[in-house]
Amino acid sequence: MKHRFYPTLAAAAGLTLVLSACGSGGTSSGTSGGEPATDGTFRFALQADPGALNPIMSAASATAELSRLAYDYLVYQDPDTSEVGPWLAEKWEETPTSASFTIRDGVTCTDGSTLTSQTVADNINFVANPDNGSQLRGSSVPTGATATADAAARTVTVTTPAPSPFLLLNVGRLPILCEAGLKDPTASNKKSLGTGMFEVTEVAANDHYTFQRREGYNWGPDDTTSDTPGVPKTVIAAMSPNVSTAANQLLSGELNAAPIAGPDKDRVAAANLDSVGRPLPSGQMYFNQIASNPTSDPAVRKALIQAVNLDDLTQVITAGHGVRATSLVAVEPRACVYDSVAGNIPDFDLTAAKATLDAAGWTAGSDGKRSKDGKPLNLRLVYDGTDDPRNAAAELAQSAWSELGANVEVIGGDSNKIIDVILSGKDNSAWDIAWVQINSSLPSTFTAYFTGPVPAAGKNFGSTSNPAYEAAATKASGLTGSDACDAWADAESELTKTISAVPFSDSVMNVYFNKAGLSFGKSLNGSALRLYQ
């Protein structure tokens with residue numbers, strides 16, 4: 001099993017249980033070969049209005065996107081190499097129940113104040129306090145966490161009452177507000193009170209947000225400063241929720257950056273613009289193991305995987321722009337990068353699939369349909385049926401499993417319907433196979449979905465009972481660094497080996513650039529933005 005890990009763990013993304021839409025394409029560096037532009041304006045497409053701008057009160061993606069311009073994190077995590085480097089913190093350490101950071105000297109806020117270790121600790125404690133209503137409580141800051149500061153040593157220490165997987169990762173990705181923003185959380189709803197490269201200067205809700213470069217900034221992850229060539233003077237986030245409109249504006253040069261997917265992707269890619277790709281899971285297959293369902297039989301689950309060509313399924317579900325998944329954890333930056341699929345699931349082989357069912361007593365009748373002890377092999381696949389590629393993928397799987405001898409009903413719907421079917425607890429036996437994407441950068445996120453009580457009492461929607469997974473996950477929760485990643489890789493492999501969960505495809509959302517690019521990473525962090533002539 002091959003895997004990479006963050007040598008010192010940092011950063012995390014919150015969990016969203018969704019049915020992912022189809023993404024697009026490959027990736028490139030997102031840089032340009034042109035000469036850096038001086039004091040230019042960087043315009044990018046904003047797909048949704050954030051409303052309030054305070055980044056520690058809201059978990060909205062639009063708020064997070066704008067906050068990257070005006071707020072910094074404690075550490076930077078490279079999405080490609082899995083390595084962690086300094087940002088607001090110059091050093092860090094971690095144990096299963098604590099994380100400590102040494103804060104850089106000389107970091108300043110938009111109001112002119114100096115960032116101190118006490119201010120960082122105050123951020124963490126603010127989010128941890130349920131009375132403040134931060135939507136980042138429980139994700140960036142674990143429930144029960146507390147932070148203390150040592151002003152003389154410039155250190156912040158975060159502790160939890162029990163082991164907290166990826167504590168350093170989670171806290172390290174908390175946007176840090178300056179003290180004025182903590183004293184009055186509403187003050188940063190229309191302006192920025194952070195340490196980032198840019199500061200909000202104009203708010204035109206549902207139209208655009210304007211940011212201006214701060215002078216004296218010199219603590220970027222790649223040593224970027226306010227004087228680095230190509231760093232824009234002005235950044236404008238312009239509302240452009242329609243993808244076709246954004247594509248037109250990007251191609252005309254009205255925009256310097258925009259996320260593009262769907263039918264517009266091909267014409268934008270044909271212009272040979274640079275891009276960066278943000279992967280998201282587009283195909284995760286889960287099996288219901290409640291005793292009354294046929295998928296409780298390991299042989300049935302194995303045969304279903306043997307009978308469908310996952311390479312073909314990947315291409316169909318992503319409209320030809322996807323790649324085979326190697327892990328349930330696909331959202332970057334990932335805590336651990338490993339392959340839990342290769343060698344753990346059977347190869348595509350319809351003949352072998354039929355033999356698997358024969359050996360397990362699922363025999364075929366004269367019509368080719370299978371049954372066992374008088375019970376027919378009836379299967380229900382639930383999935384997001386809101387776009388053509390996913391519908392086509394469901395039809396492909398239905399055809400393959402029908403040829404195997406199963407009676408397959410496909411049940412499409414929007415994400416709310418599918419989540420209601422599998423998580424509401426109304427009827428936990430109402431489905432057999434689910435295509436539902438759990439978006440997370442942390443392997444520890446998945447434990448709630450494979451252990452403990454079933455809905456509505458819990459989240460174990462597949463009624464999974466896997467002692468080997470539970471043991472490995474328990475072990476991993478008490479470890480850090482490479483040891484933790486080894487254990488999480490072992491844990492997830494127990495899920496794929498037993499065909500409890502099979503990640504099979506990832507899509508890639510491309511952000512395209514016109515006379516612009518990023519100096520690092522795949523997100524529009526303020527100090528990463530570059531303009532070219």
Side-chain angles (χ1 to χ4, degrees), residues 6 10-14 27 29-32 36 40-47 50 53 55-56 60-89 104 107 109-110 115 140 169 172-177 192-200 209-214 216-237 256-259 274-278 331-334 441 509-513 516-532:
Y6 296 99
T27 66
S29 64
T31 59
S32 171
T41 297
F42 188 109
R43 294 178 175 86
F44 70 91
L46 188 64
Q47 295 180 303
L53 298 180
I56 65 172
S61 58
T63 300
E65 187 163 16
L66 292 185
S67 75
R68 295 187 186 102
L69 302 172
Y71 296 89
D72 293 328
Y73 303 106
L74 291 172
V75 292
Y76 169 69
Q77 184 180 16
D78 189 295
D80 292 319
T81 66
S82 306
E83 295 181 354
V84 167
W87 201 336
L88 293 178
R104 284 181 187 261
V107 175
C109 300
T110 53
L115 181 72
S140 292
L169 275 161
R173 293 297 294 175
L174 177 70
I176 300 300
L177 269 69
S192 50
L193 292 169
T195 65
M197 174 71 81
F198 295 93
E199 179 180 4
V200 174
Y209 293 78
T210 302
F211 297 76
Q212 294 294 327
R213 185 181 66 210
R214 298 175 57 209
Y217 184 98
N218 62 3
W219 48 86
D222 63 345
D223 298 322
T224 293
T225 74
S226 301
D227 299 321
T228 297
V231 173
K233 183 176 182 179
T234 305
V235 177
I236 298 176
N256 298 107
D274 288 329
S275 70
V276 295
R278 299 174 180 172
V331 179
E332 294 181 340
R334 290 175 282 180
S441 63
M509 171 63 76
N510 287 86
V511 178
Y512 287 90
F513 297 91
L518 300 175
S519 66
F520 61 85
K522 298 181 181 179
S523 299
L524 302 184
N525 290 308
S527 54
L529 302 184
R530 297 292 185 270
L531 282 171
Y532 302 99

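All of these numbers come straight from a predicted model, not from anything done at the bench.
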Are the side chain of [X] and the backbone N or O of [Y] linked by a donor-acceptor pair below 3.5 Å?
X: Arg104; Y: Trp87; answer: yes
X: Arg213; Y: Val231; answer: yes
X: Asp78; Y: Asp80; answer: yes
X: Tyr71; Y: Ile56; answer: no
X: Thr110; Y: Ser192; answer: yes
X: Trp219; Y: Asp72; answer: no
X: Arg214; Y: Cys109; answer: yes
X: Thr225; Y: Asp227; answer: yes

Can you name the closest pair of heavy atoms from [X] and [Y] and give their distance?
X: Arg278; Y: Leu524; result: NH2-N, 4.0 Å
X: Leu531; Y: Gly40; result: CD1-C, 3.4 Å
X: Thr63; Y: Leu53; result: CG2-O, 3.9 Å
X: Lys522; Y: Gly277; result: CD-O, 3.1 Å
X: Phe44; Y: Glu65; result: CE1-OE2, 3.9 Å
X: Gly196; Y: Tyr217; result: C-CE1, 3.5 Å

Review point. Going from CZ on Phe520 to CZ on Arg530, what distance comes out if it is rounded to the nearest 0.5 angstrom?
Key: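 Separation between the atoms: 7.5 Å.
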**Study point:** Interatomic spacing from CG in Leu115 to CG in Leu88 - rounded to 0.5 Å
**Key:**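 If we round to the nearest 0.5 Å, Leu115:CG and Leu88:CG are 6.0 Å apart.
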Would you indicate whether the side-chain heavy atoms of [Y] and [X] approach each other to under 4.5 Å?
X: Pro175; Y: Tyr73; answer: yes
X: Thr210; Y: Thr234; answer: yes
X: Leu177; Y: Pro55; answer: yes
X: Val200; Y: Leu66; answer: no

Check your understanding: Where do Asp222 and Thr224 land on the side chain to side chain donor-acceptor pair (under 3.5 Å) test, with the steps shown first?
Key -> CA-CA 5 Å; Asp222 63 345; Thr224 293; 2.4 Å; yes
